[in-house]
Amino acid sequence: MAGNAWFDLLDGDGATMGSYFVNEVTVVGVGPSARGAGLVDLTVTLWCENALAGAEWVWDLIRAGHLNHTGLWHDLAPEDRHAWLSVALWSREYQRQGRADAPAGQVFTLDGRHIVDRDSFYCAIGEAINGPGGYFGWNLDALDDCLRGGWGATTPFTLHWDSSAEARARLAERVPTVDGEVSLFDLLLQILEERGASMILR
């Protein structure tokens, strides 16, 4: 029984792309490793809350350098979009390579054509702010945190939301707030504007 550990995902050069905290690591098999003398390969069982089914191929895209253009998430099933976002979150430092936040006053373009639900909104805004596979929140609280700085953009900034009418129709889900229910679309606008993003709906 090895207990708790950090599980690193490595690129082809051995650099850490991201890490998961794992629990209840139990070694069930040990053998010599083909990777070098003195190394062993372990077979383990473990529990990990943050490693989602469907995330493996996204890590492989990053490892192979193929997460290099926008829109790769467009045709994903809903559960796979959530896995995409999890990889965007856990790989963000590796993908940004120490890049500073965009300065205040920046203009970003959010493509609303493929926004059909919550997760697709977060996929789209992550890409708008931080490029292919980028992360800028994956729930309302995380979006609010990202707008405070340190996640790719500095407020105030301007967000041009293209195809916003179509996105508004698809994000019509009612969400409870302290002031009553509002549509998810309107709540997203409110959070963005309260944190210093100027919205231009196109």
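Values reported hereafter were calculated over all heavy atoms of this structure, with side chains retained and with hydrogens, waters and symmetry mates removed. Everything numeric here is computed off the predicted structure, so don't read it as measured data.
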Quick one: does [X]'s side chain get under 4.5 Å of [Y]'s, heavy atoms only?
X	Y	value
C48	F7	no
M199	H160	no
L72	W84	yes
D117	R81	yes
L89	R92	yes
N4	V22	no
L147	F157	yes
F108	L110	no

Find the distance between [atom1] ([X]) and [atom2] ([Y]) and round it off to the nearest 0.5 Å.
X	Y	atom1	atom2	answer
R202	T109	CZ	OG1	5.5 Å
E24	L46	CD	CG	9.5 Å
S163	R113	OG	CZ	6.0 Å
I62	W90	CD1	CH2	13.5 Å
C146	I125	SG	CD1	8.5 Å
R63	E56	CZ	CD	10.5 Å

Path from [X] to [Y] over hydrophobic side-chain contacts below 4.5 Å:
X	Y	value
L10	L61	no
F21	L52	no
V116	L201	no
W47	V44	no
L9	W57	yes

Under the 3.5 angstrom rule, does the side chain of [X] hit a backbone N or O of [Y] as a donor-acceptor pair?
X	Y	result
T16	G18	no
T154	A102	yes
D101	G150	yes

Decide if the gap between the ring center of Y135 and the ring center of W151 is smaller than 6.0 angstrom.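 Yes, the ring of Y135 comes within the 6.0 Å limit of the ring of W151, centre to centre.
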Given F136 and L85, is the side-chain contact (heavy atoms from CB on, under 4.5 Å) satisfied, shown in steps? CA-CA 9 Å; F136 203 72; L85 288 167; over 6 Å; no
Looking at [X] and [Y], what are the two nearest heavy atoms and their distance?
X	Y	result
D41	S33	OD1-OG, 3.0 Å
G137	A142	CA-CB, 3.8 Å
S183	A172	CB-O, 4.0 Å
W6	S19	CE3-CB, 3.8 Å
A83	S86	O-OG, 2.7 Å

Is it true that R195 and D144 have a side-chain N and a carboxylate O under 4.0 angstrom from each other?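 Judged by the 4.0 Å cut-off on N to carboxylate O distance, R195 and D144 do form a salt bridge.
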Go through it in stages, so that I can follow the logic: the residues are R148 and T155, the test is side-chain contact (heavy atoms from CB on, under 4.5 Å), and I'd like the CA-CA distance, side-chain angles, deciding distance and then a yes or no. CA-CA 8 Å; R148 296 170 188 264; T155 56; over 6 Å; no
Should we say atom [atom1] of [X] is surrounded by more than 12 heavy atoms from elsewhere, each under 6.0 Å from it?
X	atom1	answer
H74	NE2	yes
R174	CZ	yes
E93	CD	no

Could you go through the side-chain contact (heavy atoms from CB on, under 4.5 Å) check for N130 and Q95 one step at a time? CA-CA 9 Å; N130 287 308; Q95 292 201 70; over 6 Å; no
Apply salt bridge (Lys or Arg N to Asp or Glu O under 4.0 Å) to the pair R168 and D186, showing each step before the final yes or no. CA-CA 8 Å; R168 181 188 290 274; D186 288 335; 3.0 Å; yes
Taking it one step at a time, do L140 and L188 satisfy side-chain contact (heavy atoms from CB on, under 4.5 Å)? CA-CA 8 Å; L140 294 171; L188 291 168; 3.8 Å; yes
Give a yes-or-no answer on whether the side chains of Y94 and D11 include a donor-acceptor pair shorter than 3.5 Å.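 Side-chain D/A pair, Y94 to D11: present.
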If the condition is ring pair (Phe, Tyr, Trp, His ring centres under 6.0 Å), which residues does F121 pass it with, not counting sequence neighbours?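 Counting only residues at least two positions away or on another chain, F121 forms a ring pair (Phe, Tyr, Trp, His ring centres under 6.0 Å) with W161.
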